[in-house]
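Working notes for the structure below.
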Amino acid sequence: MNGAEYVVRTLQERGVERIFALCGNGLAPFLEACGALEMPVIDVRNEQSAAYMADLWGRMTGRLGVVAVSSGPGHTNALTGLANAWWDGGPLLLISGQSEDVTRGLDHFQELDQVEMAAPVTKYARRVHHESALGFMLDEAIAQATTSRPGPVHLTIPEDVLAAPFAEEPEPEHGTTPASVQGVGPADEALVGQALDMLAAAERPFLLVGSGAFYSGVWEPLRRLAEATNVPILTHIWDRGCIEEAIPQYVGVTNDELNGAMASFSEADLVLAVGARLDYRVGYARPPAIDADVRSIPIDADPAELHRGRRADLAIAGEPRLALDALATLAGEREGWANDEWLAEVRATREALKAQYAGLCVGDECPMPGLRICQEIQPFLQRDLTFLLDGGNIGRWAHLWLFDRHPSHWMTCGASGVVGWGVPGAVAARLARPDRPVLLLSGDGAAGFTFTDVETALRFGTPYVMVVAHDAAWGIVADAQPPERRVACELGEIRFDRLAQALGARGVYIEEPSALAPAIEEGLGLDTVTVIQVPTELGGLSAYTGNQG
């Protein structure tokens, strides 16, 4: 057994199911080991795609996503996906090749300090300088990626370390911890009791849930707590969702332009934040976004997160699911909850914003308004399908109109706000939920980044339906510029439906709005990739209201 075989076998023992990769310098022994040990490899056309796949896999499943790339440019191409996992707290391992370590420092091929490049966006980054350190560093990397607040890690493994023989084959460890996000212990009971008292005393409380809530699996206790208290619930825009069903207490995502409920959030007197950061999405929980006297109760598995951004009034370290379970039980035993009027007020502010736009999209002409595309898609989201959202302007319309719930099988870019991950991400999403269809809604700018990986989806048998909203612009930027003076935001037309056909997929061009829903329906029933191009009006929120956006 050599170093590469040791790495692959260890990953298999820890439950890693596949590797996302692109071959190149320094990686040959690793890929050969994958073949010998029957580790599935999803190989792509751009290292950025491989990193996006591993990132989405980790964020969607809670299990370690592994991406393997070559040295130099292969490594640098993968860094955006690595950074995406960093912003979003997703478990990801980037393995990068390197020329033999014995020639390091002599200007060998693609010599680069890959570790220092990766370090700012990882929890752990090391170069394995010798095969004797390989096992320790691999175990440490996996542990860092999957414990506390999960996140990305990196190992540069030189080719001679991967090819080096091991003196004897180590026996598999019994009871090895899986390479998936690990829970922590329960929260302090006394603190949970104090949190309940503060929640009961509040007149305008909010629950804010983020990716930490998803990784902990809080849906059932969160639903019970909501039913008992009628406290309004927000989810962080771009964070992982855990609102699996539409419930009256859920009032949308944290963005004041896209969710009218944020006007009420600014009046909150208490925020219970579950696995969620009080960051830019809520105005850093400072005036004018929220009252200066608001009280905060963060619940997080990572103690380092509890006072991040602002000093908490009551900080609870522990597994969010267990904390909410205890809180929901106590809330159910307590009488006198008086949040009905407050919840109705919050819901009214949400509906008022939606009403401003509801009547805009009643015509049957193309190009279609972005909101009309979302209206045509909405009925499909009542099904058990995986929904992916990739794009700027069309993403804004979708968050405004579609997020009446936020289930874990809906995926967005993550807290980074990156675009262009959707085409490869759909492959990983189909692999993660192979028995459920995948629907991807993308802007045309986003689609242009990685579109050739449609062929990758065909090669690995991961069909999906992609709706491309084509407005020939970077829509959010164009929307903010005067039409007569637009700079660096308008694009030419690309027929993505024809590109799809050239790559071996199915392409559909929409010429009237009524054709969109039937095209999606047909595509979801086919065993291939279907790309549906929709001519779309160039217009964001401000184009319709004059003072929004």
Side-chain angles (χ1 to χ4, degrees), residues 3-4 7 10-11 16 19-27 29-31 44 46-59 64-101 104-105 108-130 133-162 179 181 304 413-418 420-421 424 428 450:
V7 172
T10 299
L11 293 174
V16 172
I19 308 293
F20 303 97
L22 202 159
C23 59
N25 182 58
L27 208 59
F30 179 79
L31 295 177
V44 300
N46 183 312
E47 291 90 356
Q48 193 175 48
S49 292
Y52 285 150
M53 289 179 182
D55 167 50
L56 184 137
W57 176 272
R59 289 193 292 122
L64 184 69
V66 180
V67 52
V69 299
S70 63
S71 62
H75 176 80
T76 60
N77 282 347
L79 289 179
T80 302
L82 192 73
N84 207 52
W86 169 253
W87 271 302
D88 209 54
L92 182 149
L93 167 61
L94 168 63
I95 296 174
S96 298
Q98 180 199 291
S99 297
E100 292 188 352
D101 208 52
R104 181 175 173 80
H108 67 198
F109 182 53
Q110 295 181 338
E111 184 162 332
L112 190 68
D113 196 337
Q114 298 174 171
V115 171
E116 286 301 309
M117 293 186 74
V121 290
T122 55
K123 295 179 66 178
Y124 179 92
R126 298 288 188 275
R127 177 175 58 87
V128 184
H129 60 281
H130 192 272
L134 183 57
F136 175 86
M137 289 185 176
L138 181 59
D139 286 343
E140 182 71 7
I142 294 173
Q144 289 284 342
T146 56
T147 56
S148 192
R149 183 179 190 264
V153 295
H154 165 64
L155 292 176
T156 285
I157 311 180
E159 190 166 13
D160 47 354
V161 173
L162 289 172
V181 176
C413 53
S416 71
V418 72
W421 61 273
T450 54

_Flag side-chain contact, heavy atom, 4.5 Å: Asp113 against Val115_ = yes

*Minimal non-hydrogen separation, Pro91 against Val181, with atom names*: CG-CG2, 3.9 Å

*Going by heavy atoms in the side chains, are Glu100 and Val161 under 4.5 Å from each other?*
no

_Could you report the tightest heavy-atom contact between Thr156 and Gly97, atom names first, then the distance?_
CG2-O, 4.4 Å

_Spacing of Leu138 atom CG and Arg126 atom CZ [to the nearest 0.5 Å]_ = 13.5 Å

*Would you check if Val121 and Trp87 make a side-chain contact, meaning some heavy-atom pair closer than 4.5 Å?*
no

*Atom pair CD/OG of Glu47 and Ser96 - distance to nearest 0.5 Å*: 9.5 Å

*Does any non-hydrogen side-chain atom of Tyr52 lie less than 4.5 Å from one of Val418?*
yes

*Reference residue Leu22; test side chain to side chain contact (heavy atoms under 4.5 Å, CB included); the match among Val67, Asn77, Val44*: Val44

*Nearest heavy-atom neighbours spanning Thr450 and Gly420*: OG1-O, 3.0 Å

*Which atom names give the shortest non-hydrogen contact between Ala50 and Ala21, and what distance separates them?*
CB-N, 3.9 Å

_Side-chain heavy atoms of Met53 within contact of Trp421, under 4.5 Å_ = no

*Ser71 pairs by side chain to side chain donor-acceptor pair (under 3.5 Å) with which of Gln98, His108, Gln110, Glu159?*
Gln110

*Take Asp101 and Arg127, measure what salt bridge (Lys or Arg N to Asp or Glu O under 4.0 Å) needs, and give me the verdict at the end.*
CA-CA 10 Å; Asp101 208 52; Arg127 177 175 58 87; 2.7 Å; yes

*Atom pair CG (Asp55) and CZ (Phe20), whose distance is rounded to the nearest 0.5 Å*: 10.5 Å

*At their closest point, which heavy atom of Ala145 faces which heavy atom of Leu64, and how far apart are they?*
CB-CD1, 3.8 Å

*Are a donor atom and an acceptor atom from the side chains of Ser416 and Asp88 found within less than 3.5 Å of each other?*
no

*asked:* Do Phe109 and Asn25 make a side-chain contact, defined as non-hydrogen atoms from C-beta onward lying under 4.5 Å apart?
replied: yes

*Might you point out which heavy atoms bring Cys413 and Asn84 nearest each other, and give the distance in Å?*
O-ND2, 2.8 Å

*Asn46 side chain to Gln48 backbone, donor-acceptor under 3.5 Å*: yes

*Does Lys123 use its side chain to pair, donor to acceptor, with the backbone of Arg149 at less than 3.5 Å?*
yes

*For His154 and Leu94, indicate whether the former's side chain and the latter's backbone hold a donor-acceptor pair under 3.5 Å.*
yes

*Does Thr76 offer a backbone N or O that forms a donor-acceptor pair with the side chain of Gln114 under 3.5 Å?*
no

*What distance do Thr122 atom OG1 and Leu92 atom CG have between them, rounded to the nearest 0.5 Å?*
10.5 Å

*Roughly how far, to the nearest 0.5 Å, is the OG atom of Ser70 from the CZ atom of Phe30?*
13.0 Å

_Pairwise distance CG(Leu93) to CD1(Ile95) - rounded to 0.5 angstrom_ = 4.5 Å

